[in-house]
Amino acid sequence: MNELQSKVALVTGASEGFGVGIANELVTRGCTVWITARNEEKLKQQATQIGARAIVADVTSPEDWDRVIEIILKESGQLDILVNNAGGGIAIEPIVNQTDKAVIESINVNLTSAILGSIRAAKIMQQQQSGTIINISSICSVQAWEGWGIYAAAKAGLNQFTKSLYVEMRPHQVRATVLIPSWGATGFQSNANLPVPSADTASKMISPEDIGKVIANICMLPAHLVVPEITLLPLVQEISPY
C-alpha cells in the first residue's frame, strides 16, 4: 500500500505502545516516518524494525522541538503529518496526594508538549497550505475517575487546544484532529503502576495496530475533508460516568 507515499510524518512517543503502531502503519502506507522518544535504545530498535527514522528528543523541551523540526526539514524537505502521541500517567492517585513536581510533569508531557509541536508544525503546514495534525487525547478527558484528575485535566486541555487549532488552521487547508481513545493494550498500565489486564482482556482492548489504522485512515481522507474529533472505545470496557 502506497496511499501516503509522498507524505512525511512525525510521530512522538514512538518507542513503545500506540506510537509504534501508528508509525508502523504510516510506514506501511508509504509514508516517510520520523519518530521521537527519550529512550535512545528502544527508539532506535523500533526505527530499525519498522523502517522509520529516529531522533532522540524530549518533547517537553522547546529546544528539542526546534532541533527535530530542523532535521526533518533538512533531510525530508517537508512535514505533512504530525501525530502528538507522547504522554503518560505520571502519578495516578488522588489529587490531594499529588506533588507539585508530578503535576507539572503531567501537564508538560500530556499537554504542553503537543502545543509546542503543533505550533511548529502549523507554521510549516500553513506555508505549504496542506497538512494534518493529530493529537492523541484520552477518554479521561471527558470522564472523571478517582486518581485521574491531573491527567484528565491535561488531556481535556489538549481537546480544547485542538479545537482552537482546527479553527485557526482551517482557512489554510490544514487539518487538526483530536483522537480520544480509551482502554489501550500498551505499556501505559505498568508504566503508571496500575494493575495490568489479563491476556484475554488485553486481546479485546485497543491495540497499537488498531490505533495505527485509525490514524492512517484519518490522514488518507480527501484533502477537503476533516474529522475534528473522534472517540475510540473497546466494547470490552464498561464506562460509568461520574
Side-chain angles (χ1 to χ4, degrees), residues 10-14 17-19 22 36-38 57-65 68-69 81-123 125-126 131-170 174-184 186 188 191-192 194 206 211 214-215 218 226-233 239 241-242:
L10 169 60
V11 182
T12 70
F18 281 161
I22 294 166
T36 68
R38 290 177 295 183
D58 179 352
V59 291
T60 67
S61 165
E63 293 77 18
D64 277 16
W65 267 112
V68 168
I69 295 298
I81 299 166
L82 169 62
V83 183
N84 283 308
N85 168 73
I90 310 302
I92 306 302
E93 54 184 289
I95 293 169
V96 295
N97 293 341
Q98 296 281 343
T99 65
D100 293 343
K101 181 177 182 295
V103 170
I104 292 169
E105 184 177 354
S106 184
I107 299 298
N108 282 344
V109 75
N110 291 298
L111 175 58
T112 306
S113 67
I115 295 176
L116 294 174
S118 295
I119 289 171
R120 287 157 174 80
K123 289 179 180 178
M125 294 175 182
Q126 181 172 313
T132 302
I133 298 173
I134 302 175
N135 293 325
I136 308 299
S137 182
S138 165
I139 195 65
C140 294
S141 66
V142 294
Q143 302 293 338
W145 287 290
E146 183 179 351
W148 293 86
I150 306 304
Y151 176 79
K155 291 298 189 180
L158 184 59
N159 294 359
Q160 186 59 43
F161 168 74
T162 309
K163 291 179 182 179
S164 299
L165 184 65
Y166 162 73
V167 169
E168 294 189 14
M169 298 310 298
R170 185 187 62 79
V174 177
R175 307 183 294 193
T177 296
V178 61
L179 172 57
I180 305 174
S182 190
W183 223 6
T186 66
F188 186 98
N191 290 341
L194 298 170
I206 302 170
I211 207 158
V214 172
I215 292 292
I218 292 171
V226 63
V227 179
E229 179 180 306
I230 183 169
T231 300
L232 187 65
L233 307 176
I239 296 178
Y242 77 101

Step-by-step side chain to side chain contact (heavy atoms under 4.5 Å, CB included) determination, Ile107 to Thr112
CA-CA 6 Å; Ile107 299 298; Thr112 306; 4.1 Å; yes
Closest approach of [X] to [Y] (non-hydrogen atoms, all atoms of both residues):
X: Ala114; Y: Asn84; result: O-ND2, 3.4 Å
X: Ala86; Y: Thr12; result: N-OG1, 2.9 Å
X: Ser106; Y: Ala154; result: O-CB, 4.1 Å
X: Ala14; Y: Ala37; result: N-CB, 4.2 Å

Report the distance from atom [atom1] of [X] to atom [atom2] of [Y], rounding to the nearest 0.5 Å.
X: Thr132; Y: Ile218; atom1: OG1; atom2: CD1; result: 9.0 Å
X: Cys140; Y: Ile150; atom1: SG; atom2: CD1; result: 12.5 Å
X: Ser138; Y: Asn159; atom1: OG; atom2: CG; result: 9.0 Å
X: Leu116; Y: Leu111; atom1: CG; atom2: CG; result: 9.0 Å
X: Trp65; Y: Thr36; atom1: CH2; atom2: OG1; result: 6.0 Å
X: Thr162; Y: Glu229; atom1: OG1; atom2: CD; result: 9.0 Å

Under the salt bridge (Lys or Arg N to Asp or Glu O under 4.0 Å) test, which residues partner Glu105, sequence neighbours left out?
Lys101
Contact check, side chains of [X] and [Y], non-hydrogen atoms, under 4.5 Å:
X: Ile211; Y: Ile22; result: yes
X: Ser141; Y: Leu158; result: no
X: Pro181; Y: Ile136; result: yes
X: Trp145; Y: Ile92; result: no
X: Phe18; Y: Ile215; result: no
X: Met169; Y: Arg175; result: no

Hey, is the main chain of [Y] close enough, under 3.5 Å, to the side chain of [X] for a donor-acceptor pair?
X: Lys163; Y: Ala176; value: no
X: Asn85; Y: Gly13; value: yes
X: Gln98; Y: Glu93; value: yes
X: Asp64; Y: Asp58; value: yes
X: Asn110; Y: Gly88; value: yes

When you look at CG of Asn97, are more than 12 heavy atoms from neighbouring residues, nucleotides or ligands closer to it than 6.0 Å?
yes
Taking Ile134 as the fixed residue, which of Val178, Leu82, Val214, Thr177 is the one that meets the side chain to side chain contact (heavy atoms under 4.5 Å, CB included) rule?
Thr177
Identify the residue among Ile81, Val68, Ile133 that makes a side chain to side chain contact (heavy atoms under 4.5 Å, CB included) with Leu10.
Val68
